[in-house]
Amino acid sequence: METKITMKYFRSIGSAAFACALGFALLPSLRADEWNKKTTITVNEPVQVPSCCTPDHTITLQPGEYVIALVDSLSDRHIVRIFDKNQEHVITTILAIPNYRLQPTDKTVIQFWEVPAGHTKAIRAWFYPGDNFGQEFAYEKKTAVEIAALVKTPVPAIEVETKEVEELKSAPVVVVDESGATKAFKAEPAPQPVVAAAQPEPAPAPAPVVVAQTPVQTLPHTASNMPLVGLIGLLSLGLFAAMSTVSRRRNSSRG
């Protein structure tokens, strides 16, 4: 009985150890996808991408599935590689520069240069899910001038013929227009989110005017009523004396 319990205990430990080992084995691959932005994309029609190693410095991706990933993700310039579906063959290596957007999305976004109908679409930028910055592809100068003539917009360009990542990272980047005129490329700062203007607070309502009511002041009764009573008494005595005099005169005249 003790042997069975011991074997069961060691089997549990073994299963737990295997699960932990599997977890640690998967962890690097999960982190790698975040680090190198590895993404599988599906192309539904022929699209054009830069290529440093073909005669015309471009390559056309035919409809199908491809894997796109960053080779270097620790600098302002990024090296992007596009692989076949099984990642057995590197189709092209591309120098990319930052391209910003205000609203990130939860899915991969591929932007194209808006070329007229009848022309092969050219990929402009690639955005990884959740990122507000993406990778804008720099085309070889001749191709960039052709794209600029179609879209009437300056296009980032490089002049380099190499397969080496380090040389691509240091290759000069310019901006060309449809006439072929070039100017130095200057990375645009990340746009700031648009903040709605604060609404002014309504002016406070004026305080009601309170009219102070002046209380009616009553003078204090400091004088006494005694003088009035005395005056009435004196008048009564005078009236009594006058009536007495009149009465006596009447009696004298009758006698």
Side-chain angles (χ1 to χ4, degrees), residues 30-52 58-61 65-83 91-117 119-141 143-158 165 168-169 171-178 182-198:
L30 293 176
R31 288 181 176 173
D33 286 350
E34 286 294 326
W35 183 82
N36 63 16
K37 314 294 184 183
K38 184 171 69 175
T39 307
T40 299
I41 61 173
T42 300
V43 175
N44 297 320
E45 60 181 308
V47 294
Q48 183 180 201
V49 293
S51 174
C52 63
T58 63
I59 192 168
T60 300
L61 301 180
E65 289 188 359
Y66 300 88
V67 174
I68 185 170
L70 288 175
V71 176
D72 168 69
S73 64
L74 299 178
S75 65
D76 291 337
R77 296 181 181 183
H78 297 155
I79 307 302
V80 177
R81 275 190 176 148
I82 299 179
F83 302 84
I91 297 174
T92 183
T93 302
I94 304 165
L95 172 63
I97 54 180
N99 183 307
Y100 296 97
R101 58 179 176 175
L102 286 176
Q103 297 296 331
T105 63
D106 58 356
K107 60 183 179 181
T108 299
V109 173
I110 302 292
Q111 290 183 348
F112 297 87
W113 290 106
E114 296 181 2
V115 297
H119 294 269
T120 303
K121 288 184 176 181
I123 292 182
R124 177 176 182 174
W126 156 51
F127 291 88
Y128 189 76
D131 287 349
N132 67 343
F133 64 91
Q135 318 302 324
E136 180 163 353
F137 296 168
Y139 285 79
E140 190 273 335
K141 184 177 178 181
T143 304
V145 171
E146 293 173 355
I147 295 174
L150 294 173
V151 301
K152 309 302 181 184
T153 301
V155 176
I158 59 171
V165 170
L168 278 178
K169 288 171 63 175
V173 180
V174 295
V175 178
V176 299
D177 60 20
E178 57 186 303
T182 65
K183 64 178 182 179
F185 169 79
K186 183 179 180 181
E188 296 293 332
Q192 298 297 320
V194 178
V195 180

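Below, each value reflects all heavy atoms present in this structure, side chains not excepted, and no hydrogens, waters or symmetry copies. Predicted, not measured: the structure shown is a model, and the values here were computed from it.
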Roughly how far, to the nearest 0.5 Å, is CD1 of I158 from CD1 of I94?
9.5 Å

Minimum heavy-atom separation for A69 to W126, with atom names?
CA-CH2, 4.0 Å

Salt bridge (Lys or Arg N to Asp or Glu O under 4.0 Å) partners for E146, two or more places apart:
K142

How long is the gap from CZ on F83 to OG1 on T92, to the nearest 0.5 Å?
11.0 Å

Should T58 and E140 count as side-chain neighbours, where that means a heavy-atom distance under 4.5 Å?
no

Mind listing the closest non-hydrogen atom pair of A122 and I147 along with its distance?
CB-CD1, 4.0 Å

Looking only at heavy atoms, which two atoms of V151 and E114 are closest? And how far apart?
CG1-O, 3.6 Å

Just one of Q135, R101, K107, E136 clears the side chain to side chain contact (heavy atoms under 4.5 Å, CB included) bar with F127, so which one?
R101

Would you say the side chain of L70 lies within less than 4.5 Å of the side chain of V80, judging by non-hydrogen atoms?
yes

Ignoring hydrogens, what is the shortest heavy-atom contact between A157 and A144? Give both atom names and the distance.
CB-CB, 3.5 Å

When rounded to the nearest 0.5 Å, the distance separating CZ of F112 from CD of Q48 is 11.5 Å

For the CD1 atom of I97 and the CZ atom of F137, what is their distance to the nearest 0.5 Å?
11.0 Å

I123 and its side chain to side chain contact (heavy atoms under 4.5 Å, CB included) partner, picked from I82, I68, V43, V49
V49

Drop me the distance from I91's CD1 to R81's CZ, to the nearest 0.5 angstrom.
12.5 Å

Which pair of non-hydrogen atoms, one from P154 and one from V175, has the smallest distance, and what is that distance?
CB-CG1, 3.2 Å

Could you check whether any side-chain heavy atom of I79 comes within less than 4.5 Å of a side-chain heavy atom of L95, counting everything from C-beta outward?
yes

If you draw a 6.0 Å radius around CD in E65, do more than 12 non-hydrogen atoms from other residues or ligands fall strictly inside?
yes

Would you say that L61 contacts Y66 through its side chain, given a criterion of any heavy-atom pair below 4.5 Å between the two side chains?
yes

Beyond-backbone contact of F133 with P98, side-chain heavy atoms, under 4.5 angstrom
no

Rounded to the nearest 0.5 Å, the CD atom of Q103 sits from the CG atom of N132 at a distance of 9.5 Å

Which pair of heavy atoms, one from T120 and one from P46, lies closest together, and at what distance?
CG2-O, 3.7 Å

